[in-house]
Amino acid sequence: MKYSELVDSGATPTEIQGFLTNSESVSVTLRMPRSLRDSAKEAASLSGMSLASYVKMCLIDRLSGVDRK
């Protein structure tokens, strides 16, 4: 099943989160401004996590419709 099919089927945020996290890991390279990277690293550190974990959390939240404050 694809992400778009899951969303169209009316899946709950919890079901979407499960779909997004239950898969094999792959390498991704991102190019971004240094200031953005440094700011994201700082935000991750303040949240007690690594930059990679922070980026994954942000993507999962955005894709599952979760609104963290």
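Since this is a predicted model, take the numbers as computed values, not measurements.
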Heavy-atom closest pair, residues [X] and [Y]:
X: T21; Y: I60; value: CG2-CD1, 3.4 Å
X: P13; Y: S64; value: CB-O, 3.5 Å
X: A40; Y: Y54; value: O-CD2, 4.2 Å
X: Y3; Y: L63; value: OH-O, 2.5 Å
X: S50; Y: A44; value: O-CB, 3.6 Å

Where the side chain of [X] meets the backbone of [Y], is there a donor-acceptor pair that is under 3.5 Å apart?
X: S9; Y: L6; answer: yes
X: S45; Y: K41; answer: no
X: S53; Y: M49; answer: no

* **Reported CE-to-OG distance for the pair M32 and S39, which is rounded to 0.5 angstrom** =>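 One gets 10.5 Å once the value is rounded to the nearest 0.5 Å.
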
* Considering only heavy atoms from C-beta outward, does the side chain of E42 approach that of D38 to under 4.5 Å? ->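 SC-SC contact between E42 and D38 ruled out.
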
* Asked: Can you find a pair of side-chain heavy atoms, one from L30 and one from R37, that are under 4.5 Å apart?
  ->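 Heavy-atom side-chain distance check fails, nothing below 4.5 Å.
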
* Is there a path of hydrophobic side-chain contacts, each under 4.5 Å between heavy atoms of I, L, V, M, F, W or Y residues, that connects L36 with V55? ->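 In one cluster: no.
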
